[in-house]
Amino acid sequence: MLEGPDRVGKSTQVEHLAQLLTQRGMSVLVSREPGGDALGEAIRTMVFAPNLDPWTELFLFLAGRARHLDEVIEPALTHGELVLLDRYTPSTLVYQGAELGDEVVVQLCSLPVFRTPDLTIILDRELPLVELEASDRFESSGLTGWHERRSRYLSLSHRFGWPTVSGEGSQDEVALRLLEVLTSMGIIE
Ligand code: TYD
């Protein structure tokens with residue numbers, strides 16, 4: 001699963017990686033959070049509504065995740081597919097944890113219903129790839145907010161031992177680094 005602050009190229013890399021792995025004959029499913037199936041997309045619309053209180057927001061993200069697991073992720077794994085996710089639990093820890101406190105969010109995200117991925121990679125850059133313009137209320141507060149989120153991702157990667165991959169350089173260079181990590185962690189051969 002690929003994580004990291006907004007505008008570091010996560011979605012592009014997830015798609016790119018899926019293409020490369022499919023070319024190698026693997027069966028790959030790409031999905032994103034919030035989202036997944038139709039109900040997941042409905043929850044996505046709800047979390048982007050203005051003026052949500054932080055607890056409602058947190059539980060909507062978690063409800064979306066439970067649904068996503070049940071409807072999309074677990075069935076794909078059962079069919080032997082490799083699931084590549086664009087955002088998952090680390091986003092909740094970074095975004096909702098900042099508002100509600102880390103430990104309570106860590107505890108809720110650790111409930112057994114929320115399967116732990118085989119591999120979590122943090123894609124990191126020193127600056128966003130493109131100029132920031134807040135596309136939703138989670139990405140407001142400009143470059144200062146972006147740097148705060150980046151440093152939260154980096155400290156979580158330290159705390160949980162998630163590998164960090166540099167998102168600097170060309171798309172192909174970044175993809176190569178990601179493939180190396182997938183190989184060294186035994187996800188692909
Ligand atoms: P999205 O449009 O998918 O953008 P991005 O390209 O940045 O992934 O936006 C998802 C937003 O939802 C993003 O700003 C992070 C936020 N989010 C949370 O706050 N908590 C979560 O648990 C998840 C999965 C996402």
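Note that this is a predicted model, so its numbers are computed, not measured. As the structure lists them, so they are numbered: ligands from 1, and atoms in each ligand from 1.
- In terms of modelled atom types and a separation under 3.5 Å, the side chain of E33 and the main chain of G64 share no donor-acceptor contact.
- Every atom of ligand 1 is numbered from 1 in the order shown, and the set under 4.0 Å from a heavy atom of E33 is 24 (C).
- Considering CG of L82 and CE of M26, their distance stands at 4.5 Å, rounded to 0.5 Å.
- Inclusion of D86 in the set of residues having an N or O under 3.5 Å from an N or O of ligand 1 is not warranted.
- Using modelled atom types and a 3.5 Å distance limit, the side chains of Y153 and E3 yield a donor-acceptor pair.
- Backbone and side-chain nitrogen or oxygen atoms of D6 are examined, and none is located within less than 3.5 angstrom of a nitrogen or oxygen of ligand 1.
- Cluster annotation: L182 and L176 are assigned to distinct hydrophobic clusters (Ile/Leu/Val/Met/Phe/Trp/Tyr, side-chain heavy-atom contacts under 4.5 Å, transitive).
- In R65, the part holding a heavy atom less than 4.0 Å from any atom of ligand 1 is the side chain.
- Residue-to-ligand polar distances place Q96 within reach of ligand 1: an N/O pair is separated by less than 3.5 Å.
- Comparing heavy-atom distances from atom 1 (P) of ligand 1 across E3, R44, E99, R87 singles out R44 as nearest.
- Evaluation of the side chain to side chain contact (heavy atoms under 4.5 Å, CB included) rule for D6 yields R87, Y95, L132, E139, W146, R149 as partners, not counting sequence neighbours.
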